[in-house]
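Since the structure comes first, as structure tokens, the remarks are kept for the end.
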Amino acid sequence: MPKKITTVQSLLAKERWQRERRALRQIALDAGLEETVKWHALCYCLNAKNVAIFHGFADYCGFGFFKGTLFDDPDGRLHQHGENSQASRTLQVSSLEQIKEEDSAIRAFLDQAVAIEESGKRVDFKAKNELTYPDELIAAMDNDPELAAAFHALTPGRQRGHVLNIEGAKQSETRARRILKARNRIIAGKGFNERL
């Protein structure tokens with residue numbers, strides 16, 4: 001079966017969050033951002049650098065800002081997307097009416113996003129380089145030099161993905177199973193979510 005290609009038009013035609021998606025899209029375009037599709041979502045860029053992405057979830061939609069931790073957000077409107085998210089923050093809305101009411105605030109966040117990108121500021125990803133390996137991973141690498149060499153050859157982001165997956169298990173036995181399951185992917189130089 002041929003792979004379905006996601007386009008701007010196919011995303012705009014989606015029924016869920018359609019009115020909200022179109023309204024937020026217009027605000028992003030008004031901010032001078034370039035529109036593209038990345039990760040099967042509308043993504044807004046400045047000089048080919050990711051600035052914001054449209055998120056649509058069950059209870060809310062909105063913009064995910066790639067450098068959201070650098071924003072001035074005194075009212076705490078931006079939300080951390082996940083517990084391991086270091087850079088991105090999400091502006092959540094739940095209706096077209098809310099977008100209309102908060103139009104100036106949304107535009108101000110996009111203006112901040114553009115200014116941050118133009119300034120060249122970068123997010124400091126300290127936590128990516130300060131990994132604490134689970135005991136089970138340390139033991140597995142001590143007993144398997146090939147695994148250890150392959151793991152240390154991974155990029156910091158790929159290492160972090162594997163560590164987060166392994167340490168996400170509550171029981172030691174589950175962490176050990178996750179290491180065994182990830183071994184071939186690690187040996188192949190792949191991250192936790194990458195296909196072999």
Side-chain angles (χ1 to χ4, degrees), residues 5-14 16-131 154-161 163-164 191-194:
I5 297 173
T6 306
T7 64
V8 169
Q9 292 309 315
S10 68
L11 290 170
L12 292 175
K14 278 185 155 187
R16 181 76 172 134
W17 300 116
Q18 185 180 69
R19 296 180 322 148
E20 295 81 1
R21 181 183 292 107
R22 288 177 180 270
L24 290 172
R25 170 190 195 241
Q26 190 58 55
I27 294 171
L29 294 175
D30 289 348
L33 296 171
E34 306 142 10
E35 184 176 56
T36 188
V37 174
K38 294 185 180 181
W39 306 285
H40 304 287
L42 294 175
C43 188
Y44 298 92
C45 305
L46 183 69
N47 300 322
K49 303 279 187 179
N50 299 330
V51 173
I53 191 165
F54 177 85
H55 291 300
F57 296 101
D59 297 331
Y60 67 88
C61 66
F63 282 127
F65 294 104
F66 288 90
K67 295 182 179 179
T69 55
L70 301 178
F71 282 38
D72 180 28
D73 182 24
D75 298 327
R77 292 284 319 278
L78 300 178
H79 301 273
Q80 189 171 353
H81 191 61
E83 70 178 73
N84 297 311
S85 177
Q86 294 182 57
S88 69
R89 293 295 180 265
T90 304
L91 176 65
Q92 300 175 359
V93 294
S94 57
S95 67
L96 181 61
E97 292 71 28
Q98 183 182 1
I99 293 169
K100 289 177 181 177
E101 288 171 12
E102 300 177 11
D103 182 84
S104 60
I106 295 168
R107 289 178 189 276
F109 279 122
L110 280 164
D111 289 344
Q112 271 195 77
V114 168
I116 287 168
E117 196 55 52
E118 288 177 335
S119 75
K121 289 182 184 174
R122 302 185 84 152
V123 175
D124 183 12
F125 289 102
K126 287 181 182 175
K128 275 192 177 181
N129 299 319
E130 297 173 1
L131 290 174
L154 292 174
T155 63
R158 287 183 172 124
Q159 289 178 3
R160 183 171 187 264
V163 168
L164 292 175
F192 166 67
N193 288 322
E194 292 178 291

OG on S94 to CH2 on W17, rounded to 0.5 Å: 6.0 Å
Calculate, to the nearest 0.5 Å, the distance between atoms NZ and CZ belonging to K49 and F66 respectively. 12.5 Å
Just wondering, do R21 and K14 contact through their side chains at under 4.5 Å, heavy atoms? yes
Locate the shortest heavy-atom distance separating L46 from G32; write the atom from each residue and the value. CD1-O, 4.4 Å
Qualifying salt bridge (charged side-chain N to carboxylate O under 4.0 Å, His left out) pairs, either residue in residues 26-44, two or more places apart: R25-E35, D30-R107
Apply side-chain contact (heavy atoms from CB on, under 4.5 Å) to the pair F192 and V163, showing each step before the final yes or no. CA-CA 9 Å; F192 166 67; V163 168; over 6 Å; no
Residues in side chain to side chain donor-acceptor pair (under 3.5 Å) with S104, at least two apart? none
Quick one: CZ on R19 to CD1 on I99, what's the gap to the nearest 0.5 Å? 9.0 Å
What is the ring orientation for Y44 with F63, classed by angle as parallel under 30°, tilted 30 to 60°, or perpendicular over 60°? perpendicular
Tell me, with the steps shown, if W39 and N50 meet side-chain contact (heavy atoms from CB on, under 4.5 Å). CA-CA 12 Å; W39 306 285; N50 299 330; 3.4 Å; yes
Using 0.5 Å steps for rounding, measure from the CZ atom of F65 to the NE2 atom of H55. 9.5 Å
Which atoms form the tightest heavy-atom contact between G56 and C61, and what is the distance? CA-CB, 4.0 Å
Heavy-atom closest pair, residues A31 and V114: O-CG2, 4.1 Å
Minimal non-hydrogen separation, T36 against C45, with atom names: CG2-SG, 3.9 Å
Test of understanding: with side chain to side chain donor-acceptor pair (under 3.5 Å), list the residues that count as partners of Q112, not counting sequence neighbours. none
For K67 and I116, indicate whether the former's side chain and the latter's backbone hold a donor-acceptor pair under 3.5 Å. no
Determine, stepwise, if the pair L42 / L24 fulfils side-chain contact (heavy atoms from CB on, under 4.5 Å). CA-CA 10 Å; L42 294 175; L24 290 172; over 6 Å; no
In Å, rounded to the nearest 0.5 Å, how long is the span from NZ of K100 to CD1 of I106? 12.0 Å
Report the C-alpha separation of F71 and L78 in whole Å, then their side-chain angles, then the decisive distance to 0.1 Å, and conclude whether the side-chain contact (heavy atoms from CB on, under 4.5 Å) test is met. CA-CA 9 Å; F71 282 38; L78 300 178; 3.6 Å; yes
If you measure from CD on Q92 to CD on Q98, what distance do you get to the nearest 0.5 Å? 9.5 Å
Which heavy atom of E117 sits nearest a heavy atom of V51, and at what distance? CG-CG2, 4.1 Å
Heavy-atom pair of closest approach, residues A23 and L96: CB-CD1, 3.6 Å
Side-chain heavy-atom pair H79, R89 within 4.5 angstrom cut-off: no
For the CZ atom on R16, are there more than 12 heavy atoms of other groups (residues, nucleotides or ligands in this structure) within a distance under 6.0 Å? yes
